[in-house]
Participant: 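Pasting a structure here, questions to come.
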Amino acid sequence: MPELPEVETTRRGLLPLAAGRHIKQVVIRDPRLRWPVPATLPARVRGHRIETLTRRGKYLLFDLDDASSLIVHLGMSGSLRAVRAAEPPAAHEAFDLCLDSGWCLRMRDPRRFGALLWAADARAHPLLAHLGPEPLGGALAGDLLYEASRRRTVAVRDFLIDSHVIAGIGNIYANEALFTAGIDPRRAAGRIGRTRYRRLSYAVIRVLEDAIAQGGTTLRDFAGGDGRPGHFQMALRVYGRAGEPCPGCGAPVMRQTLSGRSCFFCRHCQR
DNA sequence: CATAGCACCTGAGGGC
DNA sequence: TGCCCTCAGGTGCTAT
């Protein structure tokens, strides 16, 4: 479910509640996530102060006062929202991070692809250490994508959603950025020139920033930390719009499966 | 090392 | 209404 804009929306929604609060307790209702939630985790973090809430790619990091972090990943179907401690848990609500303020940050994750982990040094954790650069915040330049793509034969859509190349881009925003940049998502990454990668990097930044400004994309039931859905789905131009007219030329948007995942594009506007 | 395919799960939606 | 099928926003692991 969540890509970078949805994770960032969650982060911004929860930051005011989390920063500076102490963790009263962590309640694990269902440890069966992507990796089992360590049984020792609640005791390890209880009583610690949350210094801040940051994001790396699609990972949320609750940075604690001893320099350790709680790592949360929302997987495909996860959402994290604030509820009052007395709120009875519903189905698929795997855990609560209960704060000393009476608020609980409650994870709902029906498919259980999400994660809750603890690390003494989150940035050095194996899951995070090899992530590519952040697309926002100035690190992304077209030249970076160009250099990284040399001799790569994978489709550029697959190249873009590879978190080891660049962090945070998923299927929705890869498709949208490629449309904006006028690049055929099926084209081999290594056969795209420097100029077009510059255009693509601008498109990635623009699409992600626009989506964040809209509170992310709500396809089914995504909600930010404040429980409100995003609205970027209204602004999607090709994703999920097979058969609808291309906003550029009016020809029907095409859908094709690429590496097992749907790809949407306009065969005239994207080359 | 790069690539392709599989695996992990549940729920929604469409066709009949 | 119910059954069966397909599909879904992620990503690590394995075999080649």
Side-chain angles (χ1 to χ4, degrees), chain A residues 1-10 29-37 55-60 71-80 90-94 107-117 125-132 135 147-178 185-186 188-191 204 207-208 210-212 214-224 229-243 255-264:
Chain A
M1 169 162 118
E3 300 182 35
L4 186 153
E6 292 73 41
V7 178
E8 179 62 18
T9 296
T10 299
R29 253 177 243 102
D30 189 349
R32 301 172 304 159
L33 299 182
R34 174 81 196 259
W35 294 278
V37 178
R55 179 188 57 72
R56 177 76 174 95
K58 298 170 191 165
Y59 292 91
L60 284 170
I71 302 172
V72 175
H73 195 286
L74 301 179
M76 285 279 270
S77 61
S79 61
L80 196 60
H92 308 302
E93 295 187 333
M107 169 79 147
R108 172 184 149 83
D109 185 12
R111 291 178 72 181
R112 297 193 275 119
F113 290 160
L116 172 63
L117 300 167
H125 191 281
L127 292 173
L128 282 82
H130 308 293
L131 291 176
E147 302 296 345
S149 63
R150 294 309 84 189
R151 277 184 283 279
R152 294 290 302 266
T153 60
V154 289
V156 63
R157 195 284 309 264
D158 293 330
F159 179 70
L160 266 190
I161 64 178
D162 180 348
S163 65
H164 301 293
V165 171
I166 180 166
I169 302 173
N171 201 27
I172 292 181
Y173 299 108
N175 277 278
E176 293 295 307
L178 287 162
R186 301 167 297 178
R191 300 195 57 191
V204 165
V207 166
L208 294 179
D210 283 356
I212 291 170
Q214 296 291 311
T217 297
T218 297
L219 289 189
R220 288 178 185 77
D221 60 357
F222 170 76
H231 300 289
F232 194 69
Q233 64 276 15
M234 306 297 293
L236 294 177
R237 295 195 279 175
V238 290
Y239 185 87
R241 297 197 184 280
R255 174 184 177 279
Q256 187 176 323
T257 300
L258 211 57
S259 306
R261 312 188 67 187
S262 287
C263 197
F264 300 89

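Side chains included, hydrogens not; waters and symmetry mates left out as well; all remaining heavy atoms used. So you know, we letter chains A, B, ... as the sequences are listed, proteins then strands, and number each from 1.
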Participant: Consider the side chain of A:R255, meaning its heavy atoms from C-beta on, and name the nucleotide among B:dA4, C:dG10, C:dA8 that approaches it most closely.
Facilitator: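 Given the options B:dA4, C:dG10, C:dA8, the side chain of A:R255 is closest to C:dA8.
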Participant: Can you tell me how far C1' of C:dG12 sits from NE2 of A:H130, to the nearest Å?
Facilitator: 12 Å
Participant: Which whole-number value in Å describes the distance from A:E6 CD to C:dG10 C1'?
Facilitator: 12 Å
Participant: Just to confirm, is there a sub-4.0 Å distance from OP1 or OP2 of B:dA2 to any side-chain nitrogen or oxygen of A:H164?
Facilitator: no
Participant: Taking the same atom, C1', in B:dG11 and in C:dG12, what whole-Å distance lies between them?
Facilitator: 23 Å
Participant: For a quick check of understanding: with a heavy-atom distance under 4.0 Å over all strands, which category does A:I161 fall into, base, sugar-phosphate or nothing?
Facilitator: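 Touches nothing.
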Participant: Considering residues, nucleotides and ligands other than A:R151, do more than 12 of their heavy atoms fall under 6.0 Å from its CZ?
Facilitator: no
Participant: State which of C:dG10, B:dG11, B:dT3 makes the closest approach to the side chain of A:T153.
Facilitator: B:dT3
Participant: Look at the side chain of A:R261 and decide which nucleotide, out of C:dT11, C:dG12, B:dA4, has an atom nearest to it.
Facilitator: C:dT11
Participant: If you go through the side-chain atoms of A:R111, does one of them form a donor-acceptor pair with the base of C:dA8 closer than 3.5 Å?
Facilitator: yes
Participant: Is any side-chain heavy atom of A:Q256 closer than 4.5 Å to a side-chain heavy atom of A:R186?
Facilitator: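 Side-chain contact under 4.5 Å: yes.
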Participant: Quick check for you: among C:dC7, C:dG10, C:dG12, whose closest atom lies nearest to any side-chain atom of A:H73?
Facilitator: C:dG10
Participant: For A:F113 and B:dC8, are the ring centres under 5.5 Å apart with planes inclined under 30°?
Facilitator: yes
Participant: In whole angstrom, give the distance that lies between atom CG of A:L160 and atom P of C:dG10.
Facilitator: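 To the nearest whole Å, that distance equals 12 Å.
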Participant: Can you check whether A:R34 has a side-chain N or O nearer than 4.0 Å to OP1 or OP2 of B:dA7?
Facilitator: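 Answer is no, no contact under 4.0 Å.
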Participant: Please tell me which of the listed nucleotides, C:dG10, B:dT3, B:dT10, lies nearest to the side chain of A:R112?
Facilitator: B:dT10
Participant: For DNA chain C, please output the secondary structure as dot-bracket, reading 5' to 3'. Pairs are Watson-Crick or G-U wobble, both atom distances under 3.5 Å; mark crossing pairs with [ ], other-strand partners with |, unpaired with a dot.
Facilitator: .|||||||.|||||||
Participant: Nearest-Å distance, NE2 (A:H125) to C1' (C:dT11)?
Facilitator: 14 Å
Participant: Please report the distance, rounded to the nearest Å, between CD in A:E93 and C1' in B:dG11.
Facilitator: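 Answer to the nearest Å: 16 Å.
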Participant: How many Å lie between CG on A:D109 and C1' on C:dG10, as a whole number?
Facilitator: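 Roughly 11 Å, once rounded to whole Å.
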Participant: For the side chain of A:P110, counting heavy atoms from C-beta on, which of C:dG12, B:dG11, B:dT3 is nearest?
Facilitator: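 Nucleotide nearest to A:P110's side chain: B:dG11.
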Participant: Is any side-chain heavy atom of A:L208 closer than 4.5 Å to a side-chain heavy atom of A:E8?
Facilitator: no
Participant: What's A:Y59 touching, base or sugar-phosphate or nothing? Going by heavy atoms closer than 4.0 Å.
Facilitator: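 Sugar-phosphate: the residue A:Y59, judged by heavy atoms under 4.0 Å, touches backbone atoms but no base.
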Participant: Could you work out which one of B:dT3, B:dT10, C:dG10 sits closest to the side chain of A:K58?
Facilitator: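 Nearest to the side chain of A:K58 among the choices is C:dG10.
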Participant: What's the CZ-P distance between A:R151 and B:dA2, to the nearest Å?
Facilitator: 11 Å
Participant: Ignoring the backbone of A:W35, work out which of C:dA8, C:dG10, C:dG12 is nearest its side chain.
Facilitator: C:dG12
Participant: So, does A:R32 get its side chain near the phosphate of B:dC8, meaning an N or O under 4.0 Å from OP1 or OP2?
Facilitator: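 The answer is no; no side-chain N or O of A:R32 sits under 4.0 Å from OP1 or OP2.
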Participant: To the nearest 0.5 Å, what is the distance between CG (A:L258) and CZ (A:R157)?
Facilitator: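 Atom-to-atom, A:L258:CG and A:R157:CZ are 4.5 Å apart.
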Participant: Looking at A:R191, I'd like to know if its CZ atom is crowded, meaning that more than 12 non-hydrogen atoms belonging to other residues, nucleotides or ligands lie closer than 6.0 Å.
Facilitator: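 Incorrect, the count does not exceed 12.
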Participant: Over all strands shown, is A:Y239 touching base, sugar-phosphate only, or nothing at heavy-atom distances under 4.0 angstrom?
Facilitator: sugar-phosphate
Participant: Can you tell me how far P in B:dC6 sits from the matching atom in C:dT6, rounded to whole Å?
Facilitator: 15 Å
Participant: Under a 4.5 Å cut-off applied to non-hydrogen side-chain atoms, are A:R255 and A:T257 in contact?
Facilitator: yes
Participant: Does any non-hydrogen side-chain atom of A:I71 lie less than 4.5 Å from one of A:L127?
Facilitator: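 They are not in side-chain contact.
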Participant: Evaluate side-chain contact (heavy atoms from CB on, under 4.5 Å) for A:T217 paired with A:E3, printing each intermediate quantity in order.
Facilitator: CA-CA 9 Å; A:T217 297; A:E3 300 182 35; over 6 Å; no
Participant: CD1 of A:I172 versus C1' of C:dA8: gap in Å, rounded?
Facilitator: 10 Å
Participant: Does A:L128 reach the side chain of A:Y59, with side-chain heavy atoms less than 4.5 Å apart?
Facilitator: yes
